**Q** 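Here it is, the structure in full.
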Amino acid sequence: MKKIILSSLVVLGLSTAAFAQAGADFSALDADGNGELNLAEVQASMPDVTAEQFAAADADANGELSADEFAKLTEAPAQ
Ligand SMILES: [Ca+2]
Ligand SMILES: [Ca+2]
């Protein structure tokens with residue numbers, strides 16, 4: 001089980017660069033399928049995203065990012 005989790009983390013880590021180039025796949029990041037991304041879901045593939053960056057992108061401050069809000073996050077300079 002731990003191996004599976006570790007493998008998934010490696011895959012997610014390797015995918016980060018691809019997401020940055022091709023535009024993040026919003027639905028793929030939505031682990032619980034509720035149509036919005038919480039901080040954990042975002043950080044699963046984009047570990048460099050801070051809580052501050054997440055909050056700044058969360059326009060309606062509901063604690064999750066809609067597709068539009070997530071687009072703002074990914075358009076912002078990462079560093
Ligand atoms: Ca979600
Ligand atoms: Ca929101």
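Start at 1 and go down the list; that is how both ligands and their atoms are numbered. What you are looking at is a predicted structure, and each value in this text was computed from that prediction instead of being measured.
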**Q** Counting N and O atoms only, with roles assigned by atom type, does the side chain of Asp58 sit under 3.5 Å from a partner on the main chain of Leu65, one being a donor and the other an acceptor?
**A** no
**Q** Show the nearest heavy-atom pair for residues Phe26 and Glu36, with the distance to one decimal.
**A** CZ-CA, 3.9 Å
**Q** Rounded to the nearest 10 degrees, what's the angle OD1 of Asp30 makes with OD1 of Asn34 at the Ca ion (ligand 1)? Could you check?
**A** 90°
**Q** Kindly confirm whether the Ca ion (ligand 2) is within less than 3.0 Å of some N/O/S atom in Ser66?
**A** no
**Q** Between Gln43 and Ala40 (side chain of the first, backbone of the second, donor and acceptor by atom type, cut-off under 3.5 Å), is there such a pair?
**A** no
**Q** Restricting to N, O or S, what is the name of the atom of Glu64 that lies nearest the Ca ion (ligand 2)?
**A** O
**Q** Report the atom name of the nearest N/O/S atom of Asp58 relative to the Ca ion (ligand 2).
**A** OD1
**Q** Which of the N/O/S atoms in Asp32 sits closest to the Ca ion (ligand 1)?
**A** OD1
**Q** Within the distance-only criterion (no hydrogens, no angle test), does the side chain of Asp30 pair as donor or acceptor with the backbone N or O of Asn34 below 3.5 angstrom?
**A** yes
**Q** Closest heavy-atom contact between Asp60 and Glu69?
**A** OD1-OE2, 3.0 Å
**Q** Provide the closest heavy-atom pair for Glu41 versus Leu29 in the form atom of the first, atom of the second, distance.
**A** CB-O, 3.5 Å
**Q** Report the name of the N/O/S atom of Glu36 located nearest to the Ca ion (ligand 1).
**A** O
**Q** In degrees, rounded to 10 degrees, what angle do Glu69 atom OE2 and Asp60 atom OD1 make at the Ca ion (ligand 2)?
**A** 70°
